Amino acid sequence: MTKQQANWSPYDNNGGTCVAIAGADYCVIAADTRMSSGYNILTRDYSKIIQLADKSVMASSGFQADVRALQKVLASRHLLYQHQHNKQMSCPAMAQLLSNTLYYKRFFPYYAFNVLGGLDNEGKGCVFTYDAVGSYERVGYSSQGSGSTLITPFLDNQLKSPSPLLLPAKDAVTPLSEAEAIDLVKTCFASATERDIYTGDKLEIVVLNASGLRSEYMELRKD
Amino acid sequence: MFRNQYDTDVTTWSPAGRLFQVEYAMEAVKQGSAAIGLRSKSHVVLACVNKTSSELSSHQKKIFKVDDHIGVAIAGLTADGRVLSRYMRNECINYFYTYESQLPVGRLVVQLADKAQVCTQRSWKRPYGVGLLVGGLDESGAHLYYNCPSGNYFEYQAFAIGSRSQAAKTYLERKFESFMDSSRENLIKDALFALRETLQGEKLTSSVCTIAVVGVGEAFHILDQETVQELINEFEIAGEEAPVAEPAAPDQAGVAGPAAPDQAGAAEPAADDDTLAAPGDQGAAPMDM
């Protein structure tokens, strides 16, 4: 007797790609705005990026219904934190909260692939990258979503710090300026759009630095 | 006459049909330091007197931000007030989570009143010993409510609770008809005047009072001490007369963004009432709690 199988799935993949790069005093978080289902495009203008706190911005690809639910939970938890502690959550604190929130649903996960970007307590850029159940790590740059397999190797080539055993010693932090990082992100998406059918339409870039938050857009191929 | 026989627990009626425990709870409200609320068509102002147990301690926190559109001023057992504020905050957060819109003030006060009523009908509970002046804004305009330990609530144009509140109420009764169309600045001035009445001759300075405002296009926030002092100086110079024309720049400082809380300093583990010192909330708080 064969095991009974479900005849429907609670999940859907709405595609899309997210990237984040941390700099010395800034952080760039970007995601495309295409939302798909199978071979169809649901909309060309859907934001995957949300500002959770003063210095924390999250971009998530995957199943957007789960992403939205996750965003609402985090927003409520942040409000609660502000009531209790009389201040905004720091990015590292939000990073831990996101991890815990994801693991909370370990046995019916949020189908969300997240990158959290922002400024740490010292004002330096930080990026945290996650899997669907909350495993996370602070990194200098990251990519998630359908185009990540195309973008990550390219970012490794451009940004990955060499082995610490190498001499002379090289800096681990991304040496790029803010403008260079934004340009790099645009290049990443332009390339990913070419080969990944789920990535395209428009690119939303959010830059977080000491002066605050600003958004930028760039058109991508719509095919 | 029969008070002593029928006042042991809240679930005992007196022959005259009164619940003395509830009335005693309302008495606790009258003992707390004064809190005043007034509202116009577009704004609500909450003001309270800062009572300190000693010169060394910081004063009790009596005004709490509940959400961007609602704030509350309390009088009585401030510990009870703190707990109820936490409840109100949670309700607002949960409502927003479900409906993605602000919890209407009228709904919140009903929930609060029902919560208070429960404590008047359980033998193992006691009534909350705090009166709350809930000021907020929603689609139907600006509102001011008073929530009683008895579980009753009323909407007001202006109201005062706590010790020597009658003096403030007398002032408000004279002026309230003009409040609906009052400007934001005049509303705050009237609040300060009413507050001064409760001080019975003591000098009104910004260290003695706390003022909070919520209005159309203005999230609930507590005004910082400098702004309050500037406002006090303006009307004291003008004398005992009714508040004069709007001031120009100073109010803007109080409106914009996070206001530095007036209270700072060590927490005091005192026993009861308004004498408990506030925990030191330092720094520019985005949420002035």
Side-chain angles (χ1 to χ4, degrees), chain A residues 35 43 46-58 60 64-94 97-98 100-102 104-105 108 110 112 118-123 208-214, chain B residues 58 61-72 74 81-103 108 210 212 219-222 224 256-267 277-289:
Chain A
M35 188 167 152
T43 180
Y46 190 83
S47 176
K48 300 185 188 52
I49 303 179
I50 188 176
Q51 184 179 19
L52 295 171
D54 253 3
K55 302 192 177 159
S56 305
V57 173
M58 180 174 79
S60 322
Q64 289 302 320
D66 272 358
V67 167
R68 187 81 191 96
L70 177 64
Q71 290 174 350
K72 283 165 72 103
V73 168
L74 292 172
S76 295
R77 288 299 301 273
H78 186 227
L79 255 184
L80 215 54
Y81 181 97
Q82 286 179 85
H83 278 126
Q84 287 174 351
H85 299 90
N86 231 18
K87 61 171 188 165
Q88 295 264 330
M89 271 181 99
S90 66
C91 197
M94 186 59 82
L97 177 64
L98 175 53
N100 294 342
T101 307
L102 291 169
Y104 194 73
K105 274 171 63 70
F108 184 10
Y110 289 108
L119 302 172
D120 65 11
N121 294 317
E122 293 161 15
L208 209 55
N209 55 27
S211 0
L213 182 142
R214 87 165 195 281
Chain B
S58 63
K61 189 156 167 178
K62 286 159 60 71
I63 297 188
F64 298 89
K65 177 170 178 172
V66 167
D67 202 344
D68 279 341
H69 67 301
I70 300 180
V72 62
I74 63 173
R82 211 173 51 236
V83 161
L84 288 176
S85 301
R86 194 161 56 224
Y87 167 75
M88 292 164 82
R89 286 167 179 170
N90 273 324
E91 290 302 300
C92 286
I93 289 174
N94 291 334
Y95 187 92
F96 186 83
Y97 182 90
T98 309
Y99 300 102
E100 300 224 1
S101 77
Q102 311 272 39
L103 176 58
L108 180 61
T210 307
F220 183 91
H221 65 285
I222 297 176
D224 61 274
D262 314 323
Q263 46 272 52
D281 25 358
Q282 310 288 344
M287 308 275 274
D288 265 314
M289 301 295 130

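Everything quoted here is computed from the prediction, not taken from an experiment. In the text below, chain A, chain B and the rest are named by the order of the sequence lines, each starting its count at 1.
If you take CD1 on I93(B) and NE2 on H78(A), they are separated by 11.0 Å, rounding to the nearest 0.5 Å. Here L79(A) contributes atom CG and N94(B) contributes atom CG; the two are 10.5 Å apart, rounded to the nearest 0.5 Å. The CD atom of Q84(A) lies 7.5 Å from the CZ atom of R86(B); values are rounded to the nearest 0.5 Å.
Counting heavy atoms from C-beta on, the side chains of N90(B) and H83(A) never come closer than 4.5 Å.
Residues meeting the ring pair (Phe, Tyr, Trp, His ring centres under 6.0 Å) test with Y46(A), sequence neighbours left out: none. Legend: residues meeting ring pair (Phe, Tyr, Trp, His ring centres under 6.0 Å) with F96(B), ordered by chain and number and at least two apart, are absent.
Across all non-hydrogen atoms, the minimal contact from S76(A) to Y97(B) is OG-CD1, 3.5 Å.
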